[in-house]
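Structure, as structure tokens:
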Amino acid sequence: MLKKGEFSEKERYDIRTLMKFVGIFCRENHSGPKAPFSFKILDIKEIEKKVIPLCPDCTRLLTYGLTMRMKCPHNPKPMCKKCETQCYHGDYKEKIREVMKFSGLYVIKHGRVDMVYHYFR
Ligand SMILES: [Zn+2]
């Protein structure tokens, strides 16, 4: 478990946005049973207080995404597209792209331009 206060503003922002984006995607696209998202290696309640219900697939994707964000060896983190590390592989890469595209458009349509994500552009 990581300790409180270890995150930079940028990391907090990225983590929060990643959670919101996967949350929106799941809410708009997936039905069926969902469970509130929790993350073992990090106290996400400290960063995002809202509970985000996710289906099992999206839970896996978000867990993967957050893990990769925490492990990012670059500081400051470059845009993923331009990064040489390419930490997303295979299915996860396809899925996270789909999520970013969908939820990116969703927040623009709903006027939340402040949330527009630069991560996977
Ligand atoms: Zn889902």
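Counting starts at 1 for both ligands and their atoms, following the listed order. Numbers here are sequence positions counted from 1.
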**Request:** Around the Zn ion (ligand 1), list the protein N/O/S atoms within a radius below 2.8 Å, excluding water molecules.
**Result:** Cys26 SG, His30 ND1, Cys55 SG, Cys58 SG
**Message:** Measuring from atom CG of Leu61 to atom CD1 of Ile96, what distance do you get when rounded to the nearest 0.5 angstrom?
**Reply:** 4.0 Å
**Item:** Phe37: partners by ring pair (Phe, Tyr, Trp, His ring centres under 6.0 Å), with sequence neighbours left out
**Value:** none
Please report, to 0.1 Å, the donor-acceptor pairs under 3.5 Å made by any side chain of residues 50-60, with sequence neighbours excluded.
residue, atom, partner, partner atom, Å
Asp57, OD1, Arg60, NH2, 2.6
Thr59, OG1, Cys55, O, 2.9

**Request:** Would you check, one step at a time, whether the test side chain to side chain contact (heavy atoms under 4.5 Å, CB included) holds for Leu18 with Met100?
**Result:** CA-CA 9 Å; Leu18 201 52; Met100 290 304 144; 3.5 Å; yes
**Request:** Could I get the full list of side chain to side chain donor-acceptor pair (under 3.5 Å) partners for Lys93, not counting sequence neighbours?
**Result:** Gln86
**Prompt:** Under 30°, 30 to 60°, or over 60°: which ring-plane class applies to Tyr64 and Tyr88, parallel, tilted or perpendicular?
**Reply:** perpendicular
